[in-house]
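Numbered from 1 within each chain, the chains take letters A, B, ... in sequence-line order. What you see below is based on every heavy atom in this structure, not just the backbone, and it leaves out hydrogens, waters and symmetry mates.
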Number of protein chains: 2
Amino acid sequence: MVHPTSQHNRATGLAKQKTNEKSKAKRVLRWQRDPEGMRLRILEAAKQEFAAHGLAGARVDRIAAKAGANKRMLYYHVGNKEDLYLTVLEAAYEKIRAEERSLDLEQLDPPDAIRTLIGFTWGYFLRNPEFLALLNSENLSRAKHLKRSTKVKSMHSPFVEMIRAVVSRGVASGDFQAAVDPVQLYISIAALRFFYLSNSATLSVIFGRDLLNRQAKDERLEHMVALVLAALTGRSPAVFGREQALRVGVPAHTGAA
Amino acid sequence: MVHPTSQHNRATGLAKQKTNEKSKAKRVLRWQRDPEGMRLRILEAAKQEFAAHGLAGARVDRIAAKAGANKRMLYYHVGNKEDLYLTVLEAAYEKIRAEERSLDLEQLDPPDAIRTLIGFTWGYFLRNPEFLALLNSENLSRAKHLKRSTKVKSMHSPFVEMIRAVVSRGVASGDFQAAVDPVQLYISIAALRFFYLSNSATLSVIFGRDLLNRQAKDERLEHMVALVLAALTGRSPAVFGREQALRVGVPAHTGAA
DNA sequence: ACTGTATTTATCCAACAGGTTAATTTGTCT
DNA sequence: AGACAAATTAACCTGTTGGATAAATACAGT
């Protein structure tokens, strides 16, 4: 019955402060209006929930609880479950596109530009692991929702053009030997990081080693950069992947998936 | 009420043939026992269902219907939903491991061995698209089920060793310039194909072009082989990816995801 | 034919999940 | 202060879903 801060302490401001000890219980603790904040909390909670359980596995009640809100609020502020899902997806794309646009490769020499590009996206996905899951979820539904989103369709990644430019410069300068379809290269770079992170759970079980600790992640980044640069420059930058990989051999487990 | 062939025509043999028109309706059409067949149909149906909708989205009733069975049969023959899921997963791993073992690279010179390896796995995933979805599903649940499966954990892929051997030979023969950690290379090769196929739905929307038609798939295979071989040999095998990629430029859309 | 067990079917159910209704509270404008 | 819209809450409704029960049927051994 008591509205006040019913679910969470979503103290948006100077909310509760015992106020007047006499006034009816109803008025001791108050909730405040905060539509924008509420909407944001809902979207954040929904992102976590959808990322953690997928579209079908996500629970509307859990989202509400996590947002310190009421189920009715979701419908009031966003719409039904699928609307909510699409909104989350669109926000995720917007976020990554915005960060992508902040990257400037023009000053760097081609190999460094590639290094920077790979390092940047690697970092982004490490910082935003939910995005991986959201994309997988959307692919499971065969992009059904994305197709309906004119918003996302209009948000082109600047990376394809960046890659085209860098490769072009690299070929001209002699740094790179081969011309590559920038879309293919874009996909390949995305693949190298995406698969590793997205499938780290199963891969870790199969290989019997943790692929997400600091060292493993560093090694992976090193390997990806070396692989791509070796392909582009035609000069394998020393032994790539783990140093002494072949001489020393690889740990115990060596399954695969 | 009429048991006979109630859901499907799962004519396991010479099932219905109008038999004796006089005998009671109950006996006109008969179902036959076929435990092994039933189990297989259930697993196949379950594989499709789990691949299409994920673990949470899968519906036990749909699996039963698709298997031409009854819901009770699932519990009788396999167990509850999660048991069923794990069984499907284990069967999927068994299948790919079996095919993997059939691949013999020892006779081929190192570059051809790599080509063959990539082509083989590419083909496997094209022929078995459900496996992609199953793996994604399992990663969504952070390999919770795999961890419980001693079966899968003991099924090591022969590919890591094959790659180690091939790279080793390649370095010795001078075909390859760099030594690579075979596990990293294994993951990278897996990544190049997995991401492309698994994310083709969203990528197709973003790029505004179909990534799964014949030509696109051929180009992708070509690109993957070229990328890996260029990195290993240090000799970019001509322009890789799409011929004239840079000169001609790339189609209309060029977004990204 | 007779019987016990394996296999299969039809039916039911309690929990759950998404969505809706209606009441209550808050802030703002007058 | 009063009124009206925006925001929030609690309670309810209904179809679904995984799972369980119990009855029916088939088959093998005798």
Selection: residues 55-62 of chain B, any non-hydrogen atom under 4.0 Å of DNA chain D: B:A58, B:R59, B:V60
Derivation and outcome, side chain to side chain donor-acceptor pair (under 3.5 Å), residues A:R193 and A:T121: CA-CA 8 Å; A:R193 81 175 120 76; A:T121 59; 3.0 Å; yes
Rounded distance (Å) that lies between atom P of C:dG18 and atom OH of A:Y75: 7 Å
Whole-Å gap separating C1' (D:dT8) and CD1 (A:I42): 11 Å
Nucleotide nearest B:H77 (side chain, heavy atoms from C-beta), chosen from D:dT9, D:dG19, C:dT8: C:dT8
Which nucleotide in D:dG18, C:dT7, C:dG19 has an atom nearest any side-chain atom of B:Y76: C:dT7
Between B:F194 and A:F194, ring centroids under 6.0 Å: no
Output field: ring centroids A:F195/B:F195 closer than 6.0 Å: no
Whether B:Y186 and B:F159 hold their rings parallel, tilted or perpendicular, with breakpoints at 30° and 60°: perpendicular
Most 5' of A:R72 and B:E36 on DNA chain C, judged by nearest nucleotide: B:E36
Donor-acceptor pair present, B:K71 side chain and D:dG18 base, under 3.5 Å: yes
Under the side-chain contact (heavy atoms from CB on, under 4.5 Å) test, residues paired with B:T87 that sit two or more places apart: B:R39, B:L43, B:V78
